[in-house]
Amino acid sequence: MTVAVVLFTSDLRLHDHPPLRAALDNHDAVVPLFVRDERIDAAGFAAPNRLAFLADCLADLDSGLRERGGRLVLRSGDVVARVREVAREVDADEVHVAADVSRYAHHREDRLRGALREDGRRLRVHEAVVTALPPGAVTPAGSDHFAVFTPYHRRWDQERLRDPLPAPRTVRVPDDVASEDLPRREKVADVSEGLAQGGEQAARRSLATWLRSGVHQYDERHDDLPGDATSRLSPHLHFGTLSPTEIVHRARAVSGSGAEAFVRQVCWREFHHQVLAARPAAAHDDYRAKHDRWRSGGDAEDDFAAWRDGLTGYPIVDAAMRQLAHEGWMHNRGRLLAGSFLTKTLYLDWRWGARHFLRMLVDGDVANNQMNWQWMAGTGTDTRPNRVLNPVRQALRYDPDGVYVRRWVPELADLEGAAVHEPWKLTGLERAQYDYPDPVVSLSEGLDRFKQARGVD
DNA sequence: TTAATATTCCT
DNA sequence: GGAATATTA
């Protein structure tokens, strides 16, 4: 009997899963394996929201496998040691895994390949699992990656994607492979109250609902903060409970400008993945150095704490930060506002913001999170690196009646309409009624400091 | 063919 | 301002 190990990472699904398909096609049995990777835990990626969502995903993956006659095997510790151990136990000749773009993923792949080779086993790495189009599949003349979105999108849009694979009917797993108990969501402490449910079943229901109704209005409503009319599929893309290939195929089958705009956003994710794949250091270093001397010291740390805790005195920014704390998720427009405020208005290092987002966001992945932070900081691929979003103007545009702010900043719930966006305009007496902080910095001071630091104007 | 230059465009 | 591509020599 031949056996293969399928190592699940950011691809916790049974539909459209090329590594599982290949393993099943060429072997009598497979071991679907997930490793609770101690290095990922130690790096702070196993923050409560993510761990709770992961627990949902693993439970659902296990039940999907059980419906098909199999089960999920969980081990924890060093991923290479655990894979090697399982491969030896079942004498697997191959281990299948999805390719990924982070430096950590590349390193993991190299270590796995080396360790398995020593035992006479083979690592098979599958492209187009984490992204629809493999990074590097399209490149501009003279470079290994695209640095501007629109030309990338043009090329990406013309590429033919492979057809999505159906979920396997049966998965045969050897009986004698031990598994640790799966983590349980209820056991995770400090989880955000409004955290979404994980797992492939929940993901597929969300996608079906989205494509049936929400997507049609996506182009008009994606920036509507209180309307909350985005797909909310990002956590499922992050954990791979949905396949980007399948999402794109199914969204393209829905005609209209909404579906088109939605696919374009999926392409942004692919864009960031191909940048990071080509420049893994961009996860921590400036993609384009702007020679910033970000603020540091006590004042900077106080300002950061105010931002993190949703107490900057700018209601729209605070609302966004509190949504993050409460849901482990934030509206994309909120992310732009919060990011611009931290890096441009407070002039604090984008890495501080990126680290906090990665801890809190259930959808936070290295490529999207780090590259979007760099975008907002102006050190990334933005062709207008010194743009500063004015939180008041943005608030008036994307939350014109103040509904979003009142939802998340209850101290200001009595302020009607757009007045909620500028509480500092109240008279002293009125202001005293509201237990809400003064602005940490005036917008003009923040702008001056940023311009001076960047040497613009 | 290739390199230099012009043009277009940037969520 | 600079990335990507189109045009030209």
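In what follows, every heavy atom counts, from backbone to side chain, and hydrogens, waters and symmetry copies are set aside. Lettering follows sequence order; numbering is per chain, from 1.
Residues that satisfy the ring-ring contact (aromatic ring centres under 6.0 Å, His included) test with A:His238, not counting sequence neighbours, are absent from this structure. Applying the side-chain hydrogen bond (donor to acceptor under 3.5 Å, both in side chains) criterion to A:Glu220, with sequence neighbours excluded, gives no partner residue.
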Protein proximity profile, nucleotides 1-9 of chain C - base contact B, sugar-phosphate-only contact S, no contact -, cut-off 4.0 Å on heavy atoms: B-SSS----

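Within residues 365-380 of chain A, the residues approaching DNA chain B are A:Trp375, by heavy-atom distance under 4.0 Å. The stretch residues 335-349 of chain A does not touch DNA chain B, since none of its heavy atoms comes less than 4.0 Å from the strand.
Ring pair A:Phe341/A:Trp307: centre-to-centre distance not below 6.0 Å. Ring centroid separation for the pair A:Trp156 and A:Phe271 does not come in under the 6.0 Å cut-off.
Using a 4.0 Å cut-off between charged side-chain N and carboxylate O, A:Arg407 and A:Glu327 make no salt bridge. By the 4.0 Å N-to-carboxylate-O rule, A:Arg351 lies too far from A:Asp285 to be salt-bridged with it. Taking 4.0 Å as the cut-off between side-chain N and carboxylate O, A:Glu445 and A:Arg449 do not count as a salt-bridged pair. Between A:Arg335 and A:Asp363, at least one side-chain nitrogen of the basic residue sits less than 4.0 Å from a carboxylate oxygen of the acidic one, meeting the salt-bridge criterion.
In this structure, A:Arg397 places its CZ atom 17 Å from P of B:dT11, rounding to the nearest Å. Straight-line distance from the CZ atom of A:Arg387 to the C1' atom of B:dC10: 9 Å, rounded to whole Å.
Panel note: side chain A:His222, backbone A:Asn332; no donor-acceptor pair is recorded below 3.5 Å.
Under the stacking criterion of a centre-to-centre distance below 5.5 angstrom and an interplanar angle below 30°, A:Trp268 sits stacked against the six-membered ring of B:dT11.
Pairs engaging residues 296-306 of chain A under the side-chain hydrogen bond (donor to acceptor under 3.5 Å, both in side chains) rule: A:Arg295-A:Asp303 [sequence neighbours left out].
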